[in-house]
Protein chains: 2
Amino acid sequence: MELFEQQEFVMVHKSGVAGELDYFTEVCRRHNLKITPQRVAIYRILMGCSDHPSADYVFRIIRSDFPNISFETVNRSLLTFAEIGLIAIVESTSGVRRFDPDMDSHHHIHCVKCGRIFDFQHGDYDCIAVPDSLTEKFSLVGKRVVLHVICPDCIKKGLSVEPVSEKHTSAGT
Amino acid sequence: MELFEQQEFVMVHKSGVAGELDYFTEVCRRHNLKITPQRVAIYRILMGCSDHPSADYVFRIIRSDFPNISFETVNRSLLTFAEIGLIAIVESTSGVRRFDPDMDSHHHIHCVKCGRIFDFQHGDYDCIAVPDSLTEKFSLVGKRVVLHVICPDCIKKGLSVEPVSEKHTSAGT
DNA sequence: CTCTTATTTGAGAATATATCTATTTTAGCT
DNA sequence: AGCTAAAATAGATATATTCTCAAATAAGAG
């Protein structure tokens, strides 16, 4: 499962609802991964997400179509997808691993109270320069700005609110 | 445990080995937290870390001095310290919560292969502007640039290396 | 279209991580 | 020294992730 070569191909034909599955198929082929119904279903769900689903979230959604699928399959597929660059793993502070189906350049807002993560676009941030001293040592895969905030909901709730458990609260963004 | 007011005080007298415990004491007092031997020991360990320890890491270290301390105490103390702004919780992709004893402005390099997190300083990044449209809605607590890379070790190890388990591998940075 | 094989799936157990509860201990005040 | 609210502890529980291996199957070969 090579990770190095993926970058040059990313976004070849990702646009359009029809093209998404072609893209998925192509990337899987390139990495000698079989196209299974489970993987297709998982990928479809990811493409319908505008937030940052956890494995558990995907698992719960997919079960309505696919009652026998195992959590293990969902989780392993997500990790595999991340390895071949179909999706990303989001940096988070909540202790639950979250995935990001959006591979276009974007940035994140983390609420330090509730752990929610919001996406935002900002052209200025897309083109920040990375020092040569770093690119000499590290192979750069991506970059992003992360803002730590207290979100409007948590501001409303006031100062003494504990972070909520994210168990079973949709994808938790 | 108020989170809002902390910013203005950060770095009041943090410099110097001697000053660190004074600072700790002062912040605890301000938040009506008791100065217990356990908390002091945990804070000392944090101040000796140049990386991003997990609760488990701190727990294992502290046990050599403090054989009876419980994991619960360590974990709760770390969360408390984060709440009062003595340390930060680091965004990570490994599924293990990590803490950052360094509260000065700095940025992170995440290895997407092994999950290690490296700190770096870069003046240009410290002063990136945050759009008004965001600060109007969100209460800004901090900001940072996160670079996603493959680290030198993982480059050396080649393409087909799986992410290593971080169980018992020091603090895992 | 069928055979073959390496990959993938799924069930259950194991491990890792984090939190809760109830009880005992103690820091810090008087 | 005594009091009291806060904190520490042990143990149980909840949550999240990974492992193991037998059974199922995608995809290429014939």
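Proteins get letters first, then strands, A, B, ... in listed order; numbering begins at 1 in each.
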Got a list of protein N/O to nucleotides 19-22 of chain C N/O distances below 3.5 Å?
{"unit_1": "C:dT19", "atom_1": "OP1", "unit_2": "B:Arg97", "atom_2": "NH2", "d": "3.4"}
{"unit_1": "C:dT19", "atom_1": "OP2", "unit_2": "B:Asn75", "atom_2": "ND2", "d": "3.4"}
{"unit_1": "C:dT19", "atom_1": "OP2", "unit_2": "B:Arg97", "atom_2": "NH2", "d": "2.7"}
{"unit_1": "C:dC20", "atom_1": "N4", "unit_2": "B:Glu72", "atom_2": "OE1", "d": "2.8"}

Exercise for review: Determine: side-chain N/O of A:Arg76 to OP1/OP2 of C:dT8, distance under 4.0 Å, yes or no.
Suggested key: no
Practice item. Using only side-chain N and O atoms of A:Thr73, determine if any of them is under 4.0 Å from OP1 or OP2 of C:dG10. Key: yes
Exercise for review: Using atom CG of A:Leu78 as one end and atom P of D:dT18 as the other, report the distance to the nearest whole Å.
Suggested key: 11 Å
Point to revise | Contacts of A:Leu79 that satisfy side chain to side chain contact (heavy atoms under 4.5 Å, CB included) - sequence neighbours left out | key: A:Asn75, A:Ile89, A:Arg97, A:Phe99
Practice item. Scan residues 35-42 of chain A against DNA chain C and write down, sorted by residue number, each residue with any heavy atom closer than 4.0 Å; if none is found, say none. Key: A:Thr36, A:Gln38, A:Arg39
Review point. Who pairs with A:Asp65 by side chain to side chain contact (heavy atoms under 4.5 Å, CB included), at least two apart in sequence or on another chain?
Key: none
Check your understanding: How many Å lie between CG on A:Asn32 and C1' on C:dT8, as a whole number?
Key -> 14 Å
Exercise for review: Please list all pairs passing the ring-ring contact (aromatic ring centres under 6.0 Å, His included) test where one or both residues lie in residues 69-88 of chain B, with sequence neighbours left out.
Suggested key: B:Phe24-B:Phe81, B:Phe59-B:Phe71
Point to revise | Interatomic distance where CG belongs to B:Asp56 and P belongs to C:dA16 [whole Å] | key: 9 Å
Review point. Does A:His107 have any side chain to side chain donor-acceptor pair (under 3.5 Å) partners at least two apart in sequence or in another chain, and if so, which?
Key: A:Asp126
Point to revise | A:Thr73: partners by side chain to side chain contact (heavy atoms under 4.5 Å, CB included), with sequence neighbours left out | key: A:Gln38, A:Ile69, A:Ser70, A:Arg76, A:Ser77
Review point. What pairs meet the salt bridge (Lys or Arg N to Asp or Glu O under 4.0 Å) rule with one or both residues in residues 129-146 of chain A, with sequence neighbours excluded?
Key: A:Glu91-A:Arg144
Point to revise | A:His106 versus A:Asp100, side-chain donor and acceptor atoms under 3.5 Å | key: yes
Practice item. Please identify each residue that fulfils side chain to side chain contact (heavy atoms under 4.5 Å, CB included) with B:Arg29, with sequence neighbours left out. Key: B:Thr25
Check your understanding: Taking atom P of C:dT26 as reference, at what distance in whole Å does atom CZ of B:Phe66 sit?
Key -> 11 Å
Exercise for review: Would you mind reading off the distance between B:Ile62 atom CD1 and D:dA8 atom C1', rounded to a whole angstrom?
Suggested key: 12 Å
Practice item. Look at B:Asp153 together with B:Arg116 and state whether they make a salt bridge at an N to O cut-off of under 4.0 Å. Key: yes
Point to revise | Separation of atom CZ in B:Phe99 from atom P in C:dA18, rounded to whole Å | key: 8 Å
Revision key, fill the gap. By nearest-heavy-atom nucleotide on DNA chain D, the more 5' of B:Lys34 and B:Asn68 is B:Lys34
